[in-house]
Engineer: 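Sending over a structure as structure tokens; questions will come in a sec.
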Amino acid sequence: MRKTYVMGNWKMNGSRAANATLLSGLKAGVPALRAGVEIAVCPPFVYLEATAAALAGSPIGVGAQDVSEYDKGAYTGEVSVAMLKDVGATYAIIGHSERRSLYGETDAWVTQKTVAALAGGMLPVVCIGELESEREGGLTEKVLARQLDAVLAAIPNPVPGGIVIAYEPVWAIGTGKTATPEMAQETHAFIRNHLKKGGEAFAAQTAVLYGGSVKASNAEGLFSMPDIDGGLVGGASLTADEFVGIYNGAVAAFGRR
């Protein structure tokens with residue numbers, strides 16, 4: 001059975017004081033994993049080590065918001081897989097829509113980072129998604145297939161469960177707009193079917209997360225869909241009660257599967 005995840009992407013938010021309050025609330029709200037649902041937070045690089053230390057002994061994992069495709073060397077500003085693991089990160093978000101749109105990350109670049117994460121023993125959370133104009137133009141499946149194919153072509157024999165896919169409709173990120181559970185399920189089913197290019201077992205065991213204005217109020221409905229395996233959560237992950245509510249929604253949804 002494939003794993004399920006609730007991951008919080010803090011983006012460029014946080015301070016030592018704010019992080020301590022947030023993490024304390026999360027540890028109190030999620031003292032143990034339930035229904036097999038994993039939970040993790042992805043703070044900015046500068047807070048990774050302190051976050052990992054604060055969460056030591058808790059069930060809450062730690063991930064990075066990006067990773068370099070290079071192992072080491074003269075790459076000013078970059079952070080390697082080995083460095084991230086050294087400070088306690090287990091996951092790495094790769095190809096988030098903001099990285100693609102604001103910093104020019106291409107499908108090829110996202111693929112290189114994914115390959116590096118896999119080679120270094122990190123779990124890559126590979127983000128894919130379409131713009132609002134692409135959705136309105138009927139191009140959603142074409143865009144998602146292109147983004148997935150770039151990664152799959154570089155991993156000829158993918159390990160089932162070895163990567164996580166995060167579907168984030170760009171038009172729903174930080175906008176308050178959310179796909180209905182049925183809309184999201186339709187797209188997730190397409191993604192699941194497309195992943196069969198990596199083999200039936202790979203498709204069946206790859207977690208496909210939803211990321212698009214997930215909140216405590218809509219989490220259970222979204223996560224109840226058969227091909228939605230949790231969420232990559234943005235702004236709502238910055239409030240302990242809200243993020244714990246999303247986790248509880250996932251537990252309720254997956255407990256019925």
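Everything quoted here is computed from the prediction, not taken from an experiment.
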Engineer: Over all heavy atoms of both residues, which pair between L118 and G162 is shortest? Give the atoms and the distance, please.
Structural biologist: CD2-O, 3.4 Å
Engineer: Does D66 offer a backbone N or O that forms a donor-acceptor pair with the side chain of K113 under 3.5 Å?
Structural biologist: no
Engineer: How far apart are the closest heavy atoms of A52 and V62, and which atoms are they?
Structural biologist: CA-CG2, 3.9 Å
Engineer: When you measure from the side chain of T206 to the backbone N and O of A203, does any donor-acceptor pair fall under 3.5 Å?
Structural biologist: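 No; zero donor-acceptor contacts below 3.5 Å.
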Engineer: Any sub-3.5 Å donor-acceptor pair from S68's side-chain atoms to Y70's backbone N or O?
Structural biologist: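 Yes; judged by distance alone, with no hydrogens or angles, the pair exists.
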Engineer: Tell me whether D229 is salt-bridged to R2, with the criterion being a basic N under 4.0 Å from an acidic carboxylate O.
Structural biologist: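 A salt bridge links D229 with R2.
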Engineer: Tell me if a side-chain donor or acceptor on K27 pairs with a main-chain N or O of A54 at a distance below 3.5 Å.
Structural biologist: yes
Engineer: Is K11 paired with E98 through a side-chain N to carboxylate O contact shorter than 4.0 Å?
Structural biologist: yes
Engineer: Starting at CG of N157, measure out to CZ of F202 and round the result to the nearest 0.5 Å.
Structural biologist: 11.0 Å
Engineer: May I ask you to decide whether E134 forms a salt bridge with K142, counting only side-chain N to carboxylate O separations under 4.0 Å?
Structural biologist: no
Engineer: Let's go through Y91 and Q65 carefully: what are the C-alpha distance in whole Å and the side-chain angles of both, what is the deciding distance for side chain to side chain donor-acceptor pair (under 3.5 Å) to 0.1 Å, and is it a yes or a no?
Structural biologist: CA-CA 9 Å; Y91 312 100; Q65 296 178 19; over 6 Å; no
Engineer: How long is the span from the CD1 atom in I128 to the CD1 atom in I94, to the nearest 0.5 Å?
Structural biologist: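 It is 13.5 Å, given to the nearest 0.5 Å.
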Engineer: May I ask you to decide if A216's main-chain N or O and E242's side chain share a donor-acceptor pair within less than 3.5 Å?
Structural biologist: yes
Engineer: Determine, step by step, whether Q147 and D107 satisfy the side chain to side chain donor-acceptor pair (under 3.5 Å) criterion, reporting the C-alpha distance in whole Å, the side-chain angles of both residues, the deciding distance to 0.1 Å, and the verdict.
Structural biologist: CA-CA 6 Å; Q147 294 170 336; D107 292 340; 4.6 Å; no
Engineer: Which pair of non-hydrogen atoms, one from A89 and one from A64, has the smallest distance, and what is that distance?
Structural biologist: CB-N, 4.4 Å
Engineer: Quick check: is V125 connected to V233 through a chain of hydrophobic side chains (ILVMFWY, heavy atoms under 4.5 Å apart)?
Structural biologist: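 In one cluster: no.
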Engineer: Is the number of heavy atoms from other residues, nucleotides or ligands under 6.0 Å of E186 CD greater than 12?
Structural biologist: no
Engineer: Take N9 and I93 through the test side-chain contact (heavy atoms from CB on, under 4.5 Å) and record every step on the way to the result.
Structural biologist: CA-CA 8 Å; N9 176 14; I93 298 172; 3.9 Å; yes
Engineer: Please report the interatomic distance CD(E38) to OG1(T90), rounded to the nearest 0.5 Å.
Structural biologist: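 The OG1 atom of T90 is 10.0 Å from CD of E38, to the nearest 0.5 Å.
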Engineer: Can you find a heavy atom in the side chain of R135 that is under 4.5 Å from one in the side chain of E132?
Structural biologist: no
Engineer: What about F254 and Y5, same hydrophobic cluster or not, with Ile/Leu/Val/Met/Phe/Trp/Tyr joined at side-chain heavy-atom distances under 4.5 Å?
Structural biologist: no
Engineer: To the nearest 0.5 angstrom, please state how far the CD1 atom of I39 sits from the CG atom of L26.
Structural biologist: 6.0 Å
Engineer: Taking CG in N193 as the centre, count heavy atoms belonging to other residues, nucleotides or ligands within less than 6.0 Å. Is the count above 12?
Structural biologist: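 Above 12, so yes.
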Engineer: Using a 4.5 Å cut-off on heavy atoms from C-beta on, say whether the side chain of L144 contacts that of H194.
Structural biologist: no
Engineer: More than 12 non-hydrogen atoms from neighbouring residues, nucleotides or ligands closer than 6.0 Å to CG on D149, yes or no?
Structural biologist: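 More than 12 within 6.0 Å, yes.
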Engineer: What distance separates I191 CD1 from D227 CG, expressed to the nearest 0.5 Å?
Structural biologist: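 If I round to the nearest 0.5 Å, the distance is 9.0 Å.
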Engineer: Looking at V115 and A154, what are the two nearest heavy atoms and their distance?
Structural biologist: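 V115 and A154 have their closest heavy atoms at CG2-CB, 3.9 Å.
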Engineer: Can any side-chain N or O of Y247 pair as donor or acceptor with the backbone N or O of R34 at less than 3.5 Å?
Structural biologist: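 Pair found, side chain donor or acceptor close to backbone of R34.
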Engineer: Taking the side chain as C-beta and beyond, is there a heavy-atom pair between V37 and V6 under 4.5 Å?
Structural biologist: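 Touching, per the 4.5 Å side-chain cut-off.
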Engineer: Determine, using the 4.5 Å side-chain heavy-atom cutoff (strictly less than), whether F45 and L55 are members of one ILVMFWY cluster.
Structural biologist: yes
Engineer: Determine whether R99 and W109 make a side-chain contact, defined as any pair of heavy atoms from C-beta on separated by less than 4.5 Å.
Structural biologist: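 Result no, sub-4.5 Å side-chain heavy-atom pair not found.
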Engineer: Is there a side-chain contact (heavy atoms from CB on, under 4.5 Å) between V244 and V30? Walk through the geometry before answering.
Structural biologist: CA-CA 7 Å; V244 170; V30 187; 4.2 Å; yes
Engineer: Under a 3.5 Å distance rule, please check whether R192 uses its side chain to pair with a backbone N or O of A207 as donor and acceptor.
Structural biologist: no
Engineer: Decide yes or no for E130 and Y167: does some side-chain heavy atom of the first lie under 4.5 Å from some side-chain heavy atom of the second?
Structural biologist: yes
Engineer: Decide yes or no for L232 and C127: does some side-chain heavy atom of the first lie under 4.5 Å from some side-chain heavy atom of the second?
Structural biologist: yes
Engineer: Mind checking whether S24 and T21 have side chains closer than 4.5 Å, heavy atoms only?
Structural biologist: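 Contact flag for S24/T21 side chains = no.
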Engineer: Do V214 and W10 share a hydrophobic cluster (ILVMFWY, side-chain heavy atoms under 4.5 Å, transitive)?
Structural biologist: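 Shared cluster, yes.
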Engineer: In terms of hydrophobic clusters joined by side-chain contacts under 4.5 Å, are L209 and I163 together?
Structural biologist: no
Engineer: With a 4.0 Å cut-off, would you call R100 and E105 a salt bridge?
Structural biologist: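 Salt bridge: no.
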Engineer: So L33 and P59, do their side chains get closer than 4.5 Å, heavy atoms only?
Structural biologist: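 They are in contact (side-chain heavy atoms under 4.5 Å apart), so the answer is yes.
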Engineer: Go through V110 and T114 one step at a time and tell me if the side-chain contact (heavy atoms from CB on, under 4.5 Å) criterion holds.
Structural biologist: CA-CA 6 Å; V110 169; T114 303; 4.2 Å; yes
Engineer: For T51 and P43, which heavy atoms make the closest approach, and how far apart are they?
Structural biologist: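 So the minimum-distance heavy-atom pair works out to OG1-CG, 3.7 Å.
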Engineer: Counting only heavy atoms from other residues, nucleotides and ligands, does the tally under 6.0 Å from CD of E49 exceed 12?
Structural biologist: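 Check fails, neighbour count at 12 or below.
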Engineer: Rounded to the nearest 0.5 Å, what's the gap from NE2 on H188 to CE on M183? Could you check?
Structural biologist: 11.5 Å
Engineer: Which atoms form the tightest heavy-atom contact between V170 and S97, and what is the distance?
Structural biologist: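 Closest approach of V170 to S97, heavy atoms only: CG2-CB, 3.8 Å.
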Engineer: Checking L123 against V164 for the side-chain contact (heavy atoms from CB on, under 4.5 Å) test, could you report, in this order, the C-alpha distance in whole Å, the side-chain angles of both residues, the deciding distance, and whether it holds?
Structural biologist: CA-CA 7 Å; L123 182 65; V164 172; 3.8 Å; yes
Engineer: For G230, does its backbone N or O pair with a side-chain atom of T4 as donor and acceptor, under 3.5 Å?
Structural biologist: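 It does not hold such a pair.
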